[in-house]
Amino acid sequence: MLELLELVQRKNWEALILNIGIDKISFFTSDLYLPMDDLAKARKEDPNKYLIGIGQSKQAVIRNSQDAVTLAANAAWQILDEKERQSIDLILFGTESGVDNSKSAAVYLQSLLGINAQASGVELKQACFGLTAGIQLAMGHIALHPKSRVLLVGADIARYGIKTAGEPTQGGGAVAMIMSANPRILKINPESAHLTKDIMDFWRPLYRSEALVDGHYSSQEFIDFFQSTFQQYSAKTGQGLNDFAALIFHLPYTKMGLKALRSVLEEAPDDQIAEGLLARFEDSRQLNREVGNLYTGSLYLSLLSLLQARSLREGDQIGLFSYGSGAEGEFYTGEVVQGYERMLDTSVSEQLRQRKPVSVTEYEEIYRSFMAAQPSDFVTDYQNDPARFALKGQKDQQRQYVERKD
Ligand code: COA
């Protein structure tokens with residue numbers, strides 16, 4: 001492989017563009033979770049509806065001392081060292097849980113993480129699609145500035161409301177990534193397929209912290225968007241199901257991805273290809289099953305889950321489907337880089353195992369304890385939060401963050 005500088009000097013842009021992608025990836029969620037069978041019993045549902053029908057085993061319970069900014073900081077901190085803090089030149093923050101109508105969450109993040117002041121940053125919003133929009137922007141930015149290192153984060157708290165149909169599909173957390181040339185995890189192919197349609201399947205008016213959702217309509221649109229963008233991609237590139245080692249999905253709940261995958265498997269050239277894609281999909285939903293919906297971060301948690309299973313080999317092609325209600329969808333692809341396993345944090349599964357379960361009553365109390373959109377001062381429960389970064393509260397209408405240093 002040609003070295004980066006040589007490519008730039010020789011103005012070999014095509015080779016450079018084919019060698020941009022994900023160099024580092026990390027994940028953070030709450031130290032608390034709600035077992036889905038407990039929630040099912042409390043809601044007088046058969047536990048198998050949640051465990052199998054929806055495909056969720058546990059749901060992250062986010063403390064009132066975490067918001068999109070702190071979730072992102074807790075995820076990104078894990079992949080930063082001093083050199084990286086100085087190298088990052090762009091921060092792209094995908095979220096639909098923004099903390100200010102004006103100021104970008106990327107600026108709070110830059111400050112909390114001590115990233116150099118010459119880096120620029122913006123917040124990107126299109127429901128769960130925001131982080132994927134960031135991937136495409138980072139691709140273009142790195143192609144123009146080949147030495148660039150871009151920090152991308154997707155951070156959200158998925159709240160639907162107590163005793164609503166969406167309740168078993170709640171969750172929260174953040175995924176952070178560094179994108180660069182010569183990536184060590186996944187090279188991203190420049191071709192992709194998009195679809196945008198103005199529909200009301202899921203939205204959140206400015207006065208609400210809980211989503212309004214027409215869940216069955218949204219699930220159908222998700223499948224239609226996937227089929228449409230996958231066909232569009234196949235028509236552009238000539239690639240079909242047999243070209244992919246895995247197809248992974250935005251996972252608002254893990255059954256959603258399975259339904260979308262099954263909707264195209266009839267076109268698989270043989271049973272072995274279909275079975276291979278189903279097996280890799282199982283790998284890709286393990287972490288999401290334990291955490292619930294992350295909104296913008298969900299597709300990338302699924303990517304991490306797939307990579308962690310270590311079932312992929314160098315050169316394997318992965319198809320990624322991103323969906324943000326409202327709605328925008330994109331299908332794009334990446335190629336697994338040799339030695340990707342060495343770049344993965346081996347402590348993710350252990351972190352999840354160390355979480356503490358809460359009862360349904362405790363979950364409801366935490367849910368109701370969040371700071372409302374209000375002018376008055378507020379203090380969160382940050383002293384009980386073991387996370388490195390936490391929201392202390394609000395003073396004089398300004399958010400107060402704290403960092404617990406080692
Ligand atoms: N054992 C196994 N499966 C069971 C079951 C049982 N005892 N009882 C029900 N199920 C299955 C149903 O057959 C159904 O499966 P299917 O979708 O494959 O048909 C699934 O469980 C869900 O049941 P359903 O009756 O459709 O649940 P619901 O009306 O409560 O709604 C959602 C489920 C997912 C639509 C709802 O939770 C929701 O709206 N969530 C938010 C969705 C979202 O995030 N949208 C944004 C998309 S990006």
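The structure displayed is predicted, hence computed values, not measured ones. Read the numbers this way: they start at 1 and go in the same order the structure lists the ligands and their atoms. Computed over heavy atoms, backbone and side chain alike; hydrogens, waters and symmetry mates excluded.
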- Apply side-chain contact (heavy atoms from CB on, under 4.5 Å) to the pair Thr132 and Tyr332, showing each step before the final yes or no. CA-CA 10 Å; Thr132 301; Tyr332 72 100; 3.8 Å; yes

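Within the 4.0 Å cut-off (strictly below), a protein heavy atom is located near atom 20 (C) of ligand 1. Protein non-hydrogen atoms do reach within 4.0 Å of atom 41 (C) of ligand 1.
Neither the backbone nor the side chain of Glu167 comes within 4.0 Å of ligand 1, counting heavy atoms alone. Only the side chain of Lys259 comes within 4.0 Å of ligand 1, judged by heavy-atom distances. Using a 4.0 Å cut-off between heavy atoms, Glu45 makes no contact with ligand 1 at all. Contact annotation: for Asn48 versus ligand 1, heavy atoms closer than 4.0 Å belong to both the backbone and the side chain.
A donor-acceptor contact shorter than 3.5 Å is absent between the side chain of Ser305 and the backbone of Leu301. Using modelled atom types, one side-chain atom of Asp156 and one backbone atom of Thr296 make a donor-acceptor pair closer than 3.5 Å. In this structure a side-chain-to-backbone donor-acceptor pair under 3.5 Å is present from Arg204 to Arg208.
Applying the 4.0 Å criterion to heavy atoms of Gly166 picks out, from ligand 1, the atoms 37 (O), 38 (C), 40 (N). Remark: ligand 1 atoms within the under-4.0 Å shell around heavy atoms of His250 are 48 (S). The ligand atoms of ligand 1 that sit less than 4.0 angstrom from a heavy atom of Asp46 are 7 (N). Atoms of ligand 1 lying under 4.0 Å from at least one heavy atom of Tyr323, given by number and element, are 48 (S). Residue-ligand proximity, Gly215 to ligand 1, at heavy-atom distances under 4.0 Å covers atoms 35 (C), 39 (O).
Proximity of Tyr160 to ligand 1 is established by a heavy-atom distance of less than 4.0 Å.
At the top of the distance list for atom 33 (C) of ligand 1, counting protein heavy atoms only, stands Ile54 CD1, 4.2 Å. Scanning the protein for heavy atoms near atom 6 (C) of ligand 1, the closest one is Lys49 N, 3.6 Å. Protein heavy atom in closest approach to atom 14 (C) of ligand 1: Gly53 O, 4.4 Å.
The shortest distance between side-chain heavy atoms of Tyr253 and Asn293 does not fall below 4.5 Å. Between Asp316 and Glu335, the closest side-chain pair of non-hydrogen atoms is not below 4.5 Å.
For the side-chain contact (heavy atoms from CB on, under 4.5 Å) test with Ile185, the passing option among Val336, Asp23, Leu307, Val337 is Leu307; the others fail.
Looking at ligand 1, you'll find an N or O of Ala165 within less than 3.5 Å of one of its N or O atoms. Considering both main-chain and side-chain atoms, Ser325 never comes within under 3.5 Å of ligand 1 through any nitrogen or oxygen pair. Looking at ligand 1, you'll find an N or O of Thr169 within less than 3.5 Å of one of its N or O atoms.
Taking only non-hydrogen atoms, the option from Lys255, Arg43, His216 nearest to atom 24 (P) of ligand 1 is His216.
Under the 6.0 Å cut-off for aromatic ring centres, Tyr323 and Phe249 do not qualify, their centroids lying 6.0 Å or more apart.
Relative ring orientation between Phe226 and Phe230 is described as parallel, the plane-to-plane angle staying below 30° on a 0-90° scale split at 30° and 60°. Between Phe244 and Tyr233, the ring planes are tilted. Angles from 30° to 60° get that label.
Seen from the ring of Tyr108, Lys103 counts as a face-on cation partner, given the 6.0 Å and 45° thresholds.
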